[in-house]
Every structure is written in structure tokens, then in C-alpha cells.
Amino acid sequence: MLWSRLHIPTLRDTPAEAEVASHQLLLRAGYIRQLSAGIYSYLFLAQRSLARIQSIVRQEMHAIGAQEMYLPALNPAEVWQESGRWDIMGENLFRLKDRFGRDFCLAMTHEEVMTTIARGELRSYKQLPQIWYQIQTKFRDEARPKSGLLRVRQFIMKDSYSFDMDRAGLDAAYQKHYQAYCRIFDRCGLDYLVVEAHSGAMGGSQSHEFMVASEAGEDFVAVCQGCGHAANLEKAMAEAAPPAVPDPPGDLAPEPFHTPGRKTIAEIAEFTGLPESSQMKSLVLVADGKPVLVMLRGDHQLNEAKFGAVSGDPEFRPARPDEIVEWFGAAAGSLGPVGVTSMPILADGALAGRRNMIAGANRDDYHLRHVTLGEDFQAELHDLRQVAAGDRCSGCGAPIEIRKTVEIGHIFKLGYKYSESMGLRVLNQEGREITPIMGSYGIGIERILTAAIELSHDQDGMALPSAIAPFDVVITPANISDPAQREAAERIYRECLSEGLDALLDDRDERPGVKFKDADLIGVPWRLVIGKKLASGMVELVDRKTRRTRDVAEREAAREVRTQKDLSPSRKVTPGRI
RNA sequence: CGGGGCGUGGCUCAGCCUGGCUAGAGCGCCUGGUUCGGGACCAGGAGGUCGGUGGUUCGAAUCCACUCGCCCCGACCA
């Protein structure tokens, strides 16, 4: 295509509203324009790049036998009421009414509609298994859209759904998706992690997320630096690092001491000269309407997802100050487990085996020293704490690292939630009705582009992986008004096209600097510069990412780009199992 | 929803506190010319009524009230 005829509105200045790199560059490079908070128009370059991503996704989905469909984004309330999610989704679901006052919503995912199709069509075990998918626009009324395309209210998702007769079938469908996702992200040139994910309120049995490390991300992942095992922080388990100071030995009795005005763990640490890891942290939570005392090591944080699972109430809340005083006779800041009988006590595993620690005395401005779990109070032991950097991998013992990441894909064993609630039944071989088991699997299309930019950019712009760049190569005659350069550029351009490359000829009457800056900005992986060396039959091939430049013969130029493209990414060998 | 910031030509911003003549700059855009290997130079030109509404005042981009929108932090996030 000829650049002079295209609308590629690059900007010299970074728009003030953009903070993260991918957002700034998508705007500057003329990929996107904002329409409203979390709502973006995708201009020519973005559309090309997203189309390439979708094409890769389609190829790999077809490779596992998935069938593409296209479902309505506009859904009647009924199907969401049947699954129970009309109420559960709350404010995040865009809702509207039709002219007769009937309730509708804009779908944020499609378990309901897919299950509706399945229950209308599937009758026999002979029709299973099925994998159905679509690439379609989703709507979510995010409380706070942010960071350009990273968190938006309207976005494109590849979502697939599997229907199987039994768990073994679901396992196979899940496995297929796992491998297909690895191939997709490999082909897109991304460096990513596959992490164990929290099953959430969906009650599924297994879930993995595909994550790209980035400071712009919002999810935290615990990664073992030894064996590479990774899990979302919501789910991660590890051995706590040992306490900074060993416990006092012996069978000592709890002993109150005065701690005037010291309420926080940090204040007590400073006051006693003992580290936070020598203290117990007491949290009072209300789950299912009943109070629970949770004990953690002083330097540890509660993992809310874990407590939600243990308590059976993911909607638990912290106790109010007045409740705490009523139940403990002291305010938060002086609470402890000794003598508490009015509520269950849950203790995190990191307290097991510890002796003679410091805890609140349930009397304002007093703490106890020499408190030992199992002797001075009894508690139910659970894994309740958030894994922290420096913990040890429970598999191999190596240190754990915490990384900030962007989620690009998520696979999920749903189980029977939708097939059960929406009445999907088929006859098995014995002629008995059974409920098929389902899985659901998502990929955020724009997030692949965004993550790629976050991973690979510099001061001058994006350096996109060739598989997802809007063009493979840009041909830049340094001076378009030089007939020799112009003709050579056009010749090379045609040769690139016949090599099957997506080529862009920068035929604009601009100074070379302008063209170089624009080419760098929009992230085309290779650039062929036709300049003065043309006299000796040479042109320059520039690699956008490495900035490496070398001279190639004019006649070889197109073929050389083709060779480079064939050599590039499809990066690593993917892990073969889960 | 709580906290903070910001709305002035396409982009980046100045002016506002201490109201006052035709609202400024750089970039971009248009015309002509000179240029042509990392966002050129000269000359000429187009383009904004200062987010909106109401008020105070002889007079409002500037002060006051309300309101809309955008960004950031937090809450939230199958």
C-alpha cells in the first residue's frame, strides 16, 4: 500500500491523557482514538494488527477442531436470570430495556447463550464432544476503565466453550485449549507465563491464566525462580521465609506488658525491638454473619480468596470497630487470641511450630509476650496468607518472585454450573439422561497487541513482532523526488508483494527524518531504505527491534526480508503438559 | 462510590491567583519558494469564544454556583 494514500495520523507529542507506554504509543502511532472512557475506535493500523491476531487465533482454534460461530451481543434478561448471573453480575453488566420495557443486557461473556444453543440442539452422546467458539465484542461496565486498551468497557474476545460427556472429556478439551493457547501466544511473539488461577465463585475445578509480565498490569503472580512453577497470587502457596529472629525457647507463660499508644504491628516492632515476624496479627472478620478471628504472622497479609474459600463466604467483611469492642472488650490494635472462646479461631500455617510470640492482650494498650499456638490458645490451621517475595517454593525450595502481569488468556473447567442450571441434558449410551460437563476459554484480542507493545517498545515507538505488526516491511526512498530512488523503491515494493509480504511504500514527499521517525513509531519490523548507495546497487535493511542495519543488493532485498520473516519468532517450544 | 488532578484551535501548553483593548506560543494544517539520510528553513495564510448552564460585574477564559466530561489513586473486577 502507498503511505501517501493512507490515513495514519501519527502525533509528535504524547497526548496528555496517556500514562502507560502502550496507550501513549497506540495514540501517537495513529492506531486508536478514544471515543469515551474505556471506549476506543480502532483505526487502520490497529484494525490490521488485530485482524492478524484474529487470524492466528482462528487457525489454532480450527487446529483443535473448534467450530466458529457468531452469537448476539444483545441478550434478553431471561437467559441470564436462568443461570443466576443477572443478579450476580451487578453493575458490571450493561443493562437496557427495549421499547416494550423488556430487560436486555450487552453480554460480557457467553456461557448463557452457548448453553441455550446446546440445550436446544444436543440430544445424544453421539453429538459430543463439541467445542464452539466465536470472536466477538464484549461489554463490561468497568468501574474504572484505565490504561488505554488494557482495561476497557468494550473489547474483542475469543471465547470458546466445550461440552463433554464426562470429566475425562473435559480434561481433553482443556488440554487442547492449553496447547492451542501456547501456540497462539508463541506465534504472536509474546513472552508469557502460564499460571494456576483461582477458580473463583464459579466453583470450577481447574483454571489457568496466560500472563505477560508488565508494570502496566494489574494481576500479581508468584513465580518460582527454580522450577518456574507459577500461580496467581490469589491462589499461590509457598513455604514462608523463616522468622527474622528465632523464637525464645522454653515453655513460657503469656505475660502482659504495657504498650501505650502502640496499635500497629510496625509500632509494636519498634517498641519491643523484635521484628514483625515475631508477632501475631489478629484480624476479626464476619463471614456468613458470624465473627471469626484470623491469626497471621505479623509480617504476613491475609489472602482474601483463601479465607473466602475456607469460610465458605466469599462476601465476608471486616468487623466494625463497635463490634470489635463489644466482642473483645478492646479496640483493634490490642486484639489477640488468648482467652477468646466466643468465636472460632483460624490460624495460618506459618504459625504452626512457633513459640512465645507477641500478640494483643484484648485490653487496650496491652500486649502479651510468650504466646504459643496450641498451648495458650487453640485454632484451626489453614493456608490463609498471601505468598510474598522471598518465600520458598513448596515444590523445589527455590525463592519465589512476585511479578506484575497482564492477563491475556484464561482457561476454565466450568463443571456443571451452566448445563445444570439451564437444563442441558443428553442421553448416554444406556439411554439415561446425563448433564454434559462444560469448559470455557477466553483470549483478549486487544490485550495481545497491548502486551506486545508493553514488552517491546523504545523511545521512538513500538517494535512489534512480525506476526502481529500491521505491515511486514516499509520501503523508504530517502528522496522521493529522485527518479532513480523512486523507481527502485517501486520495484522493490512489487517484489515484496510477490514474496507474499505485507509491504508499505512510503512514497510521501517528506524529508527522510520524518519518514524514519514515523516508521519507527508504528512498529513495522523491517525497513528497506533506498538512498545514495543505490548507485552501487545496494539498499539498507534495518531491523526495527535490534536497530541492526546492513546493506543488501537491491535485487536481493525483498527475498532477504522474506527470509528474515521466516526465521523470526514462533519463538520457543511450548510446554507439553499442564 | 471516596480522594486528587485537568478541560483554552488537530496535538502540547501559556494566560486565570491580582477581571479590562482584536485570546497567545510551539508543533501540525494550507499556499509559494529554498531544501532532502533521523521530526528542515523563509514568506504568507486558515483555524479556537476558552467543556456546558446560570450568576456577580460597566466588563468574565479569569470570580461564584451548579453541571458534564476526561485522567490518576483507592474501592470494584465471571
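Protein chains get the first letters and strands the later ones, always in sequence-line order, with residue 1 at the start of each.
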S.K.: Quick one: which of B:A78, B:U12, B:G39 gets closest to the side chain of A:Lys517?
M.R.: B:G39
S.K.: Measuring only the P atom in each nucleotide, how far is B:G20 from B:C27? A whole number of Å is fine.
M.R.: 28 Å
S.K.: Distance-only, no hydrogens or angles: does the A:Ser456 side chain make a donor-acceptor pair with backbone N or O of A:Ala463 under 3.5 Å?
M.R.: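 Yes, A:Ser456 side chain to A:Ala463 backbone: donor-acceptor pair under 3.5 Å.
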S.K.: Within less than 4.0 Å of OP1 or OP2 of B:C11, is there a side-chain N or O belonging to A:Thr14?
M.R.: no
S.K.: Does A:Arg12 have a side-chain nitrogen or oxygen under 4.0 Å from the phosphate oxygens OP1 or OP2 of B:G39?
M.R.: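 It does not, given that no N or O in the side chain of A:Arg12 lies less than 4.0 Å from OP1 or OP2 of B:G39.
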S.K.: Expressed in whole Å, how much space separates the C1' atoms belonging to B:U62 and B:A14?
M.R.: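 Here B:U62 and B:A14 have their C1' atoms 14 Å from each other.
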S.K.: From CG of A:Asp13 over to C1' of B:C11, roughly how many Å is that when rounded to an integer?
M.R.: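 Taking atom C1' of B:C11 as the reference, CG of A:Asp13 is at 6 Å.
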S.K.: Could you check how far CG of A:Asp141 sits from C1' of B:C76, rounded to whole Å?
M.R.: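 Atom CG in A:Asp141 sits about 12 Å away from atom C1' in B:C76.
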S.K.: For atom C1', what is the distance between B:C11 and B:A78, given to the nearest Å?
M.R.: 39 Å
S.K.: Suppose you measure atom P in B:U8 against the same atom in B:G52; what distance do you get, rounded to whole Å?
M.R.: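 Comparing P positions in B:U8 and B:G52 gives a spacing of 10 Å.
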S.K.: Quiz question: going by heavy-atom distance under 3.5 Å, is there a donor-acceptor pair between the base of B:G37 and the side chain of A:Arg527?
M.R.: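 No.
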S.K.: Looking only at N and O atoms, is any donor in the side chain of A:Arg144 or the base of B:G2 less than 3.5 Å from an acceptor on the other one?
M.R.: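 When only heavy-atom distances are counted, A:Arg144 does not reach the base of B:G2 through any donor-acceptor pair under 3.5 Å.
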S.K.: Rounded to the nearest Å, what distance is computed from the CD atom of residue A:Gln24 to the C1' atom of nucleotide B:C70?
M.R.: 16 Å
S.K.: Taking NZ, NE, NH1 and NH2 as the nitrogens, is one of them in A:Glu234 or A:Lys306 under 4.0 Å from a carboxylate oxygen of the other?
M.R.: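 A:Lys306 and A:Glu234: not salt-bridged.
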S.K.: Using a cut-off of 4.0 Å on non-hydrogen atoms, how would the nucleic acid contact of A:Thr476 be classed: base, sugar-phosphate, or nothing?
M.R.: nothing
S.K.: So what does A:Asp518 touch, heavy atoms closer than 4.0 Å: a base, only the sugar-phosphate, or nothing?
M.R.: base
S.K.: Quick one: label A:Arg33 by what it contacts on the DNA or RNA (base, sugar-phosphate, nothing), any heavy atom closer than 4.0 Å.
M.R.: nothing
S.K.: Looking across every strand, which nucleic acid part, if any, lies under 4.0 Å from A:Glu19 by heavy atom: base, sugar-phosphate, or nothing?
M.R.: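 Sugar-phosphate only.
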S.K.: On the six-membered ring of A:Phe471, is A:Arg48 placed so that its NZ or CZ lies under 6.0 angstrom from the centre and within 45° of the ring axis?
M.R.: yes
S.K.: Between B:U35 and B:A60, how far is it from one C1' atom to the other, in whole Å?
M.R.: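 Nearest-Å result for B:U35 against B:A60 at atom C1': 47 Å.
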S.K.: I need the CG-P distance between A:Leu35 and B:C71, as an integer number of Å.
M.R.: 12 Å
S.K.: Distance check, P atoms only: B:G51 and B:G9, in whole angstrom units.
M.R.: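 Those two atoms are separated by 8 Å.
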S.K.: Using atom CD of A:Glu215 as one end and atom P of B:C73 as the other, report the distance to the nearest whole Å.
M.R.: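 To the nearest whole Å, that distance equals 12 Å.
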S.K.: Would A:Tyr31 and A:Tyr42 count as a close aromatic pair, with their ring centres under 6.0 Å?
M.R.: no
S.K.: For A:Ser83, which contact category applies under a 4.0 Å heavy-atom criterion: base, sugar-phosphate, or nothing?
M.R.: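 Nothing: the residue A:Ser83, judged by heavy atoms under 4.0 Å, touches no strand.
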S.K.: How would you label the contact of A:Pro477 with the nucleic acid (heavy atoms, under 4.0 Å): base, sugar-phosphate, or nothing?
M.R.: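 The residue A:Pro477 makes no contact with any strand.
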S.K.: Write down the partner of B:A40 under the Watson-Crick or G-U wobble criteria, each distance required to be under 3.5 Å.
M.R.: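 The base-pairing partner of B:A40, which may sit in any strand shown, is B:U34.
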S.K.: Does the ring centre of A:Phe210 sit less than 6.0 Å away from the ring centre of A:His208?
M.R.: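 Not close enough - the centres of the two rings lie 6.0 Å or further apart.
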S.K.: So which nucleotide from B:C71, B:G39, B:G37 ends up closest to the side chain of A:Val514?
M.R.: B:G39
S.K.: If I pick the C1' atom on B:C13 and the same atom on B:G48, what distance separates them, to the nearest angstrom?
M.R.: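 Those two atoms are separated by 14 Å.
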S.K.: What's the closest nucleotide to the A:Glu17 side chain, out of B:C70, B:G37, B:A78?
M.R.: B:C70
S.K.: Can you identify which nucleotide, out of B:G37, B:C71, B:C11, has its nearest atom closest to the A:Ala37 side chain?
M.R.: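 When the side chain of A:Ala37 is considered, B:C71 is the closest of B:G37, B:C71, B:C11.
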S.K.: Which whole-number value in Å describes the distance from A:Leu541 CG to B:G37 C1'?
M.R.: 16 Å
S.K.: Counting only Watson-Crick pairs (N1-N3 plus N6-O4 or O6-N4) and G-U wobbles (N1-O2, O6-N3), all under 3.5 Å, who is the partner of B:A23?
M.R.: none
S.K.: Only pairs with both distances under 3.5 Å count, Watson-Crick or wobble alike; so what is the partner of B:C29 in this structure?
M.R.: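 Base partner found: B:G45.
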S.K.: Just how far, in rounded Å, is C1' of B:C27 from CZ of A:Arg511?
M.R.: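 It is 16 Å, rounded to the nearest whole Å.
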S.K.: Taking the P atom of each, how far is B:C50 from B:A23, in whole Å?
M.R.: 11 Å
S.K.: For A:Gln34 and B:C71, is the shortest distance between a side-chain N/O and OP1 or OP2 below 4.0 Å?
M.R.: yes
S.K.: Where is the tightest heavy-atom contact between A:Ile64 and A:Ala180, given as atom of each residue plus distance?
M.R.: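 Residues A:Ile64 and A:Ala180, closest heavy atoms: CG2-CB, 4.0 Å.
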S.K.: Are A:Glu454 and A:Arg447 close enough for a salt bridge, meaning some N to O gap below 4.0 Å?
M.R.: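 Salt bridge flag = no for A:Arg447 with A:Glu454.
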S.K.: Under 3.5 Å, is there any donor-acceptor pair linking the side chain of A:Glu510 to the base of B:G39?
M.R.: no
S.K.: Using Watson-Crick or G-U wobble geometry with both distances below 3.5 Å, tell me the partner of B:G7, or none.
M.R.: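 WC or wobble partner is B:C68.
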S.K.: For B:A60, which nucleotide in any strand shown is its Watson-Crick or wobble partner with both distances under 3.5 Å?
M.R.: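 Checking every strand shown, B:A60 finds no partner, since no pair has both distances under 3.5 Å.
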S.K.: A:Lys146 side chain N/O closer than 4.0 Å to the phosphate oxygens (OP1, OP2) of B:C72?
M.R.: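 For B:C72, neither OP1 nor OP2 has a side-chain N or O of A:Lys146 closer than 4.0 Å.
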S.K.: Let's test your reading of the model: under 3.5 Å, does the base of B:G38 pair with the side chain of A:Asp520 as donor and acceptor?
M.R.: yes
S.K.: Applying the Watson-Crick and G-U wobble criteria at under 3.5 Å, what pairs with B:G2? Answer none if nothing qualifies.
M.R.: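 Its partner is B:C73.
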S.K.: Using a 3.5 Å distance criterion without hydrogens, assess whether the side chain of A:Arg544 forms a donor-acceptor pair with backbone atoms of A:Pro525.
M.R.: no
S.K.: If you measure from the Lys or Arg side-chain nitrogens to the Asp or Glu carboxylate oxygens, is any gap between A:Glu323 and A:Arg317 under 4.0 Å?
M.R.: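 Salt bridge present between A:Glu323 and A:Arg317.
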S.K.: The side chain of A:Met108 lies closest to which of these nucleotides: B:C70, B:A75, B:A78?
M.R.: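 The answer is B:A78, which lies nearest to the side chain.
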S.K.: Choose from B:C76, B:C13, B:G37 the nucleotide whose nearest atom is closest to any side-chain atom of A:Ala16.
M.R.: B:C13
S.K.: Take atom CG of A:Leu521 and atom C1' of B:G38, then tell me their distance rounded to the nearest Å.
M.R.: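 After rounding, the reported distance stands at 13 Å.
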